[in-house]
A.B. asks: 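Sending over a structure as structure tokens; questions will come in a sec.
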Amino acid sequence: MMELVCPAGTPAALRAAVEAGAHAVYCGFADETNARNFPGLNFSREEMAEGVAHAHARGAKVLVAINTFPRAGAEPVWHRAIADAERAGVDAVILADVGLLAHAAEAHPGLRLHLSVQAAAANPDVINLYASAFGVRRVVLPRVLTVEEIAAINREIDVETEVFVFGGLCVMAEGRCSLSSYVTGQSPNMNGVCSPASHVAYSEEGPDLVSRLGGFTIHRTPKGAPAPYPTLCKGCFTSEDQTGHIFEDPVSLDASHLVPRLARAGVSALKIEGRQRSRAYVAQVVRAFRAAVEAEAAGKPIPESALARLTEGQAATSGAYAKTWR
Amino acid sequence: MDLTVGPNFFFWDAAAVRQFYRSLANAPVARVVLGEVICSKRLPFWQDEIPQAVETLVAAGKQVAITSLALITLRRERRQTADLAGMGLPVEVNDLSALAHVPEGTPFWVGPLVNVYNEGSLRWLARRGATRVCLPPELPLASVTVLAQAGQELGIAVEAWGHGKLPLAISGRCYHARLHDRAKDNCQFVCGEDPDGRDVETLDGQKFLAVNGVQTLSQSTASMAWQVEPLRDAGVTALRLSPETGDFAALCASYSDRIAGRLSAADLSARLQSGGRRLSDGFLTGAAGMEWSGNRV
């Protein structure tokens, strides 16, 4: 059965995900070492150890994301996170930075290393390089590949692959985007945040609700209509005579119907995005996907009904998995 | 401190490429990186210009390197990348995948599209044979200072972004094709219509970004006009100038004059702004990348 890797932004979400059937949860420490460095989110050292004990007692794994790029002169902060994760007994750490990977391989030879999506390793050559240089055992693939390309990659590598199947969707190659820091000074790579709420401003102007990020207008929606969060790359912009969502519509990823094809492509693990989501949401999504991977493993059709509810009322895409997206 | 001309991000026809590299032969730059960095589909249209351009530049005393693509996914792109290592020039790695094809110990350069944020990354790259690194433009001056010093200890020359629209993101999706309602595989090379990228404004008409095929750039031109001294003090040994249309050799000369103290920061800025272009340098010392320190003086 494909492993279901589920988000845990809080200890409560971790327990909810495990109870709902997560094979593994991923989480981070409450600091700049992980790519969901949001206020009120993530784990203290004690909570991590408790979370690991809770998950292990129920047969689930804990993977810790330490996937921002360490700040020059402050690498010990990231090194401590790896040491503390190992001490807490986690099953793997998820890293993106080559300097950090080199450190982990050298200082923590017994610790299992996963390559974060933030490393955007998009072909067999670079995946094999990460495997031989650092002993990386699993690669989370960037959201720029089709299912066929993922299958081709799996034929040429010896390490496991994990792919995103549900939740927020980066349009750009992950870890290679500084749009957010251009506008707000804060980026996923350096600070673990994208389009931070601290830089969002809403204002009512005539018939419109306008949302701005760092002073730039991202959306203009009629008052009363649903106003999407002003994530930079999903805004409505103008280029010459065209106005629209030039990069991507305000959609999220739903690849649930691709579960059988991803299994045939040799994917080892399916990842659900959303460490910032509520535990109720996490539980619901995890339950639906657990049913899907169970059905797939048993050779049965994917139960549509469970997943339909999740995307109701919001636009979804299968993203780069279909070639036409490009 | 000297000047490096980076690879051209945009899709220019063969004649424009030829003219561009010819004009650089007499420009006051120490080195030039050329090759296709954004889209492998463009290369057949101008790759025959590369040998002549290399010959001209080498004869003019420039160091020359050949860049990898920024995002390598297709089999064809992997083959192209493997071929770079056999060209007899240093490869500038702009996707770590290229490293898989550079024999260990062979000297190579690292471009601004590779994430080098800390000493550990620099150390690992030095062990693999890196001799020159252009840092990601996103880095603040404090990081640049630490890395330039680490570079000196490791024998790596550290470059910083000097001039040009900022390379902010790379994607699997082609925005030029999308703007023309075409699939990437049937793009008909529409990015060639915009030799400096296609501008993107907000709904309120704010100048914002520029798209260039699968790449997203700032619409502002980043310029280190006011940052030459801080960067030199930090230990940065070269500024990278990113190709654009217009008299680029003259632009190189302006930066050369600025470095040599023959042109002031204010005069260089004024010269750059004369065509109405917006400048930025906020990644280095500002609160956000789009800011311009020229506004503070």
Side-chain angles (χ1 to χ4, degrees), chain A residues 69-75 96-100 102-103 119-126 128-129 142-145 149 152 171-173 175-179 181-185 187 189-190 210 214-218 220 233 235-240 242-243 246-248 320 323-326, chain B residues 70-73 75 77-78 81 95-97 99-101 113 115 117-125 136-139 142-143 146-147 150 166 168-175 177-179 183-185 198-206 208-209 211 216 218 282-283 286-290:
Chain A
F69 293 82
R71 192 169 63 254
E75 287 176 304
D97 180 66
V98 289
L100 204 54
H103 167 81
N123 65 63
D125 304 323
V126 77
N128 288 330
L129 176 73
R143 283 160 276 194
V144 298
L145 299 164
E149 285 164 353
V171 188
M172 310 300 180
R176 308 192 64 186
C177 177
S178 40
L179 284 173
S181 52
Y182 180 67
V183 170
T184 72
S187 73
N189 284 4
M190 295 196 301
V210 182
F216 286 101
T217 304
I218 308 298
R220 219 170 231 288
C233 57
C236 186
F237 305 114
T238 295
S239 180
E240 294 171 12
Q242 278 169 279
T243 293
I246 284 170
F247 303 100
E248 179 60 295
K323 202 172 184 182
T324 47
W325 180 84
R326 289 173 177 166
Chain B
L71 180 62
I72 297 162
T73 57
R75 192 169 285 276
E77 294 166 349
R78 292 167 62 200
T81 310
D95 177 326
L96 269 190
S97 314
L99 257 194
H101 303 288
L113 303 178
N115 288 332
Y117 283 82
N118 51 64
E119 310 91 295
S121 298
L122 209 55
R123 213 175 301 123
W124 185 76
L125 289 165
E138 189 187 28
L139 288 176
S143 292
V146 172
L147 291 169
L166 291 158
L168 295 177
I170 195 93
S171 175
R173 172 178 265 182
C174 177
Y175 304 115
R178 182 170 157 90
L179 276 164
K184 188 178 176 185
D185 287 349
R198 179 167 165 171
D199 286 347
V200 173
E201 276 88 34
T202 70
L203 291 180
D204 293 329
Q206 299 157 294
F208 190 30
L209 302 169
V211 295
T216 304
S218 63
F283 277 139
M290 63 177 174

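So that the names make sense, note that chain A is the first sequence line, chain B the second, and so on, each numbered from 1. Quick note: numbers below take in every heavy atom, side chains included, and nothing from hydrogens, waters or symmetry partners. Because the structure is a prediction, the values reported are computed rather than measured.
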A.B. asks: Chain B: which of A:Asn128, A:Asn189, A:Asp125, A:Thr243 shares the most heavy-atom pairs with it under 4.5 Å?
C.D. replies: A:Asp125

A.B. asks: Below 4.5 Å, heavy-atom pairs only: which of B:Ser218, B:Ala183, B:Ala177 has the largest tally toward chain A?
C.D. replies: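 Top count of heavy-atom pairs under 4.5 Å with chain A: B:Ser218.
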
A.B. asks: Do you know which two heavy atoms are closest between A:Ala72 and B:Glu119, and how far apart they sit?
C.D. replies: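 Answer, listing the atom of A:Ala72 first, then B:Glu119: CA-OE1, 3.3 Å.
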
A.B. asks: Is it the case that the side chain of A:Ser239 and the backbone of B:Asp199 share a donor-acceptor pair, with hydrogens and angles ignored and the cut-off at 3.5 Å?
C.D. replies: yes

A.B. asks: Please name the pair of heavy atoms, one in B:Arg78 and one in B:Thr73, separated by the smallest distance, quoted to 0.1 Å.
C.D. replies: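 That closest heavy-atom pairing would be CD-O, 4.4 Å.
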
A.B. asks: Output the option from B:Arg123, B:Lys184, B:Arg178 having the highest count of non-hydrogen pairs under 4.5 Å with chain A.
C.D. replies: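 So the answer, after comparing B:Arg123, B:Lys184, B:Arg178, is B:Arg178.
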
A.B. asks: Quick one: does A:Arg176's side chain have a donor or acceptor within less than 3.5 Å of a partner on B:Leu113's backbone?
C.D. replies: yes

A.B. asks: With a 4.5 Å limit on heavy-atom distance, are the side chains of B:Leu139 and B:Phe283 in contact?
C.D. replies: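 No, every pair of side-chain atoms sits at 4.5 Å or beyond.
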
A.B. asks: Heavy-atom distance under 4.5 Å to chain A: side chain of B:Phe208, backbone, both or neither?
C.D. replies: both

A.B. asks: I need the residue from A:Arg220, A:Glu248, A:Arg143, A:Glu75 with the largest number of non-hydrogen atom pairs under 4.5 Å to chain B.
C.D. replies: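 Maximum pair count with chain B is reached by A:Glu75.
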
A.B. asks: For chain B, find which of A:Val183, A:Thr324, A:Val126, A:Thr217 contributes the most heavy-atom pairs closer than 4.5 angstrom.
C.D. replies: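 Counting heavy-atom pairs under 4.5 Å, the top option is A:Thr217.
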
A.B. asks: Within the 4.5 Å heavy-atom criterion, are B:Leu209 and A:Phe247 side-chain neighbours or not?
C.D. replies: yes

A.B. asks: If you measure from the Lys or Arg side-chain nitrogens to the Asp or Glu carboxylate oxygens, is any gap between A:Glu149 and A:Arg326 under 4.0 Å?
C.D. replies: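 The answer is yes: the pair qualifies as a salt bridge.
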
A.B. asks: Under a 4.5 Å heavy-atom cut-off, does chain B meet the side chain of A:Leu100, its backbone, both or neither?
C.D. replies: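 Neither part, no heavy atoms under 4.5 Å.
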
A.B. asks: Considering only heavy atoms and a distance below 4.5 Å, find which of B:Glu77, B:Arg75, B:Arg198 pairs most often with chain A.
C.D. replies: B:Arg198

A.B. asks: Heavy-atom distances under 4.5 Å only: say whether B:Thr216 touches chain A with side chain, backbone, both or neither.
C.D. replies: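 Side chain only.
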
A.B. asks: Among A:Val144, A:Val98, A:Leu129, which has the most heavy-atom pairs under 4.5 Å with chain B?
C.D. replies: A:Val98

A.B. asks: Relative to chain B, which of A:Arg71, A:Glu240, A:His103 shows the most heavy atom pairs under 4.5 Å?
C.D. replies: A:Glu240

A.B. asks: Applying ring pair (Phe, Tyr, Trp, His ring centres under 6.0 Å), can you list everything that pairs with B:His101, at least two apart in sequence or on another chain?
C.D. replies: none

A.B. asks: So which residue, B:Ser121, B:Ala150, B:Gly205, ends up with the most heavy-atom pairs under 4.5 Å with chain A?
C.D. replies: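 The option with the most such pairs is B:Ser121.
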
A.B. asks: So which of B:Asn118, B:Leu179, B:Leu71 has the biggest tally of heavy-atom pairs under 4.5 Å with chain A?
C.D. replies: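 Heavy-atom pair counts peak at B:Asn118.
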
A.B. asks: If you tally heavy-atom pairs under 4.5 Å against chain B, which of A:Val210, A:Ile218, A:Leu179 wins?
C.D. replies: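 Option with the greatest count: A:Leu179.
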
A.B. asks: Identify, with sequence neighbours excluded, every residue that meets salt bridge (charged side-chain N to carboxylate O under 4.0 Å, His left out) alongside B:Asp185.
C.D. replies: A:Lys323

A.B. asks: Would you give the length of the straight line joining atom CD1 of B:Ile170 to atom SG of A:Cys177, rounded to the nearest 0.5 angstrom?
C.D. replies: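 It is 11.0 Å, given to the nearest 0.5 Å.
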
A.B. asks: Measuring from B:Glu201:CD to A:Phe216:CZ, what's the distance to the nearest 0.5 Å?
C.D. replies: 10.5 Å

A.B. asks: Within the side chain of A:Ser187, is there an N or O that forms a donor-acceptor pair under 3.5 Å with the backbone of A:Met190?
C.D. replies: yes

A.B. asks: Is A:Ala122 in contact with chain B via its backbone, its side chain, both, or neither, using a 4.5 Å heavy-atom distance?
C.D. replies: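 Both parts, backbone and side chain.
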
A.B. asks: Heavy-atom cut-off 4.5 Å, strictly under: side chain, backbone, both or neither for A:Ser181 against chain B?
C.D. replies: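 Both parts, backbone and side chain.
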
A.B. asks: So for B:Leu122, is it side chain, backbone, both, or neither that comes closer than 4.5 Å to the heavy atoms of chain A?
C.D. replies: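 Contact with chain A: none, neither part.
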
A.B. asks: Where does B:Leu125 contact chain A at under 4.5 Å (heavy atoms): side chain, backbone, both or neither?
C.D. replies: neither

A.B. asks: Could you tell me which portion of B:Ala142 (side chain, backbone, both or neither) has an atom closer than 4.5 angstrom to a non-hydrogen atom of chain A?
C.D. replies: neither

A.B. asks: Look at B:Asn115, B:Leu147, B:Val146 and state which one has the largest set of heavy-atom pairs under 4.5 Å with chain A.
C.D. replies: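 Top count of heavy-atom pairs under 4.5 Å with chain A: B:Asn115.
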
